[in-house]
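Just so it is clear, the model here is predicted, and its values are computed rather than measured.
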Amino acid sequence: MAKDKKQELLDKRYLKMADIWAQNSYCKRRQVGALIVKDKMIISDGYNGTPSGFENVCEDENDKTKAYVLHAEANAITKVAKSGNNCDLATLYVTSSPCIECSKLIIQAGIKRVVFTESYRLEDGINLLKRADIEVVQVDING
């Protein structure tokens, strides 16, 4: 099997796992999952939700996302920081393209590749990642 085809197959598998992980989110409006893979090992995972110790309610009474809800990427990156591991040269798999704030964290964490399925409504995060020479790949896991 060609290297590109093998990588595409791996990308789809990890994205499917991130999609399953997203189901752990208590958020009603949108559930997002993320995995960080380094040296062919999953070193972290995350999904969008409230910080540790907070009630698992992501939306207010007007169905707006609460300001303190963390994105899946931020949860996965901070989990790595707590573990003593690092994200240098890792790949982030996420079910939705990163926003600008998460993109800043991705750059600072040393992640060199981002693979996602759905596009977020704004492209500023993706544009920032590309500007930082991070490989960005969109993959259709159903295709």
All heavy atoms of W21 vs all of A34, minimum pair found to be CD1-O, 4.2 Å

Pairwise distance OG(S44) to CD(E73) - rounded to 0.5 angstrom: 11.5 Å

Partner of K16 under side chain to side chain contact (heavy atoms under 4.5 Å, CB included), chosen from T95, I141, T117, N142: I141

Decide yes or no for R113 and Y93: does some side-chain heavy atom of the first lie under 4.5 Å from some side-chain heavy atom of the second? yes

Over all atoms of both residues, closest heavy-atom pair of A74 and C102: N-SG, 4.3 Å

With rounding to the nearest 0.5 Å, note down the distance linking SG in C58 to CZ in R30. 13.0 Å

Output all residues satisfying side-chain contact (heavy atoms from CB on, under 4.5 Å) with S25, sequence neighbours left out; order by chain, then residue number. C27, Q31, Y47, N48

Kindly compute the distance separating CG (D11) from CZ (F116), expressed to the nearest 0.5 Å. 12.0 Å

Just wondering, are more than 12 heavy atoms of other shown residues or ligands nearer than 6.0 Å to NZ in K66? yes

Taking atom CD1 of I126 and atom CD1 of I100, what is their separation to the nearest 0.5 Å? 10.0 Å

Contact summary for K130 and V136, nearest pair of heavy atoms: CG-CG2, 4.1 Å

Hey, quick one: are I106 and I43 part of the same hydrophobic cluster, counting side-chain heavy atoms closer than 4.5 Å, chains of contacts allowed? yes

So, for E135 and V137, which heavy atoms are closest and what is the spacing to 0.1 Å? OE2-CG2, 3.6 Å

Out of curiosity, does I77 fall in the hydrophobic cluster containing L35 (side-chain heavy atoms, cut-off under 4.5 Å, transitive links)? no

Let me check something: do L128 and I111 share a hydrophobic cluster, defined by ILVMFWY side-chain heavy atoms less than 4.5 Å apart, either directly or through other members? yes

Check for me, please, whether L129 and V80 land in the same ILVMFWY cluster - side-chain distances under 4.5 Å, paths through other members count. yes

Below 4.5 Å, heavy atoms only, C-beta onward: do V37 and Y14 meet side chain to side chain? yes

Are any non-hydrogen side-chain atoms of L122 and C99 less than 4.5 angstrom apart? no

Inter-residue atom distance L92.CG - L105.CG, 0.5 Å rounding: 10.5 Å

What pair of heavy atoms forms the shortest contact from G33 to A22, and how long is it? N-CB, 3.3 Å

For residues H71 and E101, determine if any side-chain heavy atom of one lies less than 4.5 Å from a side-chain heavy atom of the other. no

Under 3.5 Å, side chain of D39 to main-chain N/O of M41, donor-acceptor pair present? no

Under 4.5 Å between side-chain heavy atoms, counting indirect links through other Ile/Leu/Val/Met/Phe/Trp/Tyr residues: same cluster for V114 and I42 or not? no

List for me each residue that meets side-chain contact (heavy atoms from CB on, under 4.5 Å) alongside N127, sequence neighbours excluded, and say none if there are none. E123

Any side-chain donor near an acceptor of the partner, S97 and Q138, under 3.5 Å: no

For L15 and V94, work out which heavy atoms get closest and say how close. CD2-O, 3.6 Å

A side-chain contact here means heavy atoms from C-beta on lying under 4.5 Å apart; do N56 and T50 qualify? yes

Could you give the distance from SG (C87) to NZ (K38), rounded to the nearest 0.5 Å? 7.5 Å

